[in-house]
Asks: 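Here it is, the structure, as structure tokens.
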Amino acid sequence: MDLANNISLKILKYPDDFLRQKSQAVRDFKDQRLSDLVSNMIKTMEKEKGVGLAAPQIGSDLRICLARVDNTLFALINPEIKAYSRKKEIFEEGCLSFPGKFFPVERPVKVKIKAQDINGKKIRIKADGLLARVLQHEIDHLDGILVIDRAMK
Ligand SMILES: [Zn+2]
């Protein structure tokens, strides 16, 4: 039995300095530690009932983020936002690193994202609504940007 594959990880809370780091691209898709990390992140997100989770929140500096919207799970490696809609919307965002808090944030309603899957295969996602919002929030984490930086004053 591989216990390493069944771990719920501790979520770093603001103002932990690690949340401000810029994450590094994943290059080795054959490394078993990558799939272990992603499956542990998924377990952690589900246990915490989050709709998204980014690797820096569990103390990893790799460019990995998750989203679960409408019962569809997205596990994105090296995600990049390639296009934003001009139309924006304000919505109250929560974050597992700011438990119990919500912040009004204005973001584009649609984004186009380029990423890789867990095997390194290139994927493209056109997201709108909640998925677009969650992915923008999680990709911000990979650059050390937090919801409080975007929150409307
Ligand atoms: Zn967050």
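These numbers come from the heavy atoms of this one structure, side chains and all, not from hydrogens, waters or symmetry mates.
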Asks: Report the C-alpha distance between Val69 and Leu135 in whole Å, list the side-chain angles of each, state the deciding distance to 0.1 Å, and finish with yes or no for side chain to side chain contact (heavy atoms under 4.5 Å, CB included).
Replies: CA-CA 10 Å; Val69 173; Leu135 290 176; over 6 Å; no

Asks: Determine whether a donor-acceptor pair (N or O, by modelled atom type, separation under 3.5 Å) exists between the side chain of Glu138 and the backbone of Ala54.
Replies: yes

Asks: Looking at Arg133 and Glu93, would you say the former's side chain and the latter's main chain have a donor-acceptor pair under 3.5 Å?
Replies: no

Asks: Taking atom NZ of Lys126 as the centre, does the number of heavy atoms from other residues, nucleotides or ligands within less than 6.0 Å exceed 12?
Replies: no

Asks: Decide yes or no on side chain to side chain contact (heavy atoms under 4.5 Å, CB included) for Leu66 and Ile42, but give the supporting numbers first.
Replies: CA-CA 7 Å; Leu66 306 177; Ile42 293 169; 3.8 Å; yes

Asks: If you count heavy atoms of other groups shown closer than 6.0 angstrom to CG of Asp17, is the number above 12?
Replies: no

Asks: Among all residues two or more places apart in sequence or in another chain, which pass the side-chain contact (heavy atoms from CB on, under 4.5 Å) test with Val111?
Replies: Ile81, Tyr84, Ile113, Ala127, Ala132, Gln136

Asks: With distance as the sole test, does Asp70 use its side chain to make a donor-acceptor pair with the main-chain N or O of Thr72 at under 3.5 Å?
Replies: no

Asks: Please answer whether the main-chain N or O of Phe18 pairs with a side-chain N or O of Asp16 as donor and acceptor at a distance below 3.5 Å.
Replies: yes

Asks: Could you list the residues that satisfy ring pair (Phe, Tyr, Trp, His ring centres under 6.0 Å) with Phe103, not counting sequence neighbours?
Replies: Phe98

Asks: Evaluate Lys22 against Asp143 for side chain to side chain contact (heavy atoms under 4.5 Å, CB included), listing each step before the verdict.
Replies: CA-CA 4 Å; Lys22 212 167 146 50; Asp143 293 316; 2.8 Å; yes

Asks: Among Ile77, Ile123, Leu76, Val38, which residue satisfies the side chain to side chain contact (heavy atoms under 4.5 Å, CB included) criterion with Asp117?
Replies: Ile123

Asks: Can you tell me how far CG of Leu9 sits from NZ of Lys43, rounded to the nearest 0.5 angstrom?
Replies: 10.0 Å

Asks: Quick one: does Ser60's side chain have a donor or acceptor within less than 3.5 Å of a partner on Ala55's backbone?
Replies: no

Asks: Tell me, which pairs form a side chain to side chain donor-acceptor pair (under 3.5 Å) where one or both residues lie in residues 144-153, sequence neighbours left out?
Replies: Arg20-Asp149, Asp140-Arg150

Asks: Taking transitive links into account, so neighbours of neighbours count too, which hydrophobic residues share a cluster with Ile90 at under 4.5 Å side-chain distance?
Replies: Met152

Asks: With Asn78, which residues qualify under side-chain contact (heavy atoms from CB on, under 4.5 Å), at least two apart?
Replies: Ala25, Val26, Phe29, Arg63, Gln116

Asks: Give the C-alpha distance, both sets of side-chain angles, the deciding distance and a yes or no for side chain to side chain contact (heavy atoms under 4.5 Å, CB included) between Met45 and Leu73.
Replies: CA-CA 11 Å; Met45 179 177 74; Leu73 175 69; 3.7 Å; yes

Asks: Once salt bridge (charged side-chain N to carboxylate O under 4.0 Å, His left out) is applied, do any residues pair with Glu80, and if so which ones, sequence neighbours excluded?
Replies: Lys82

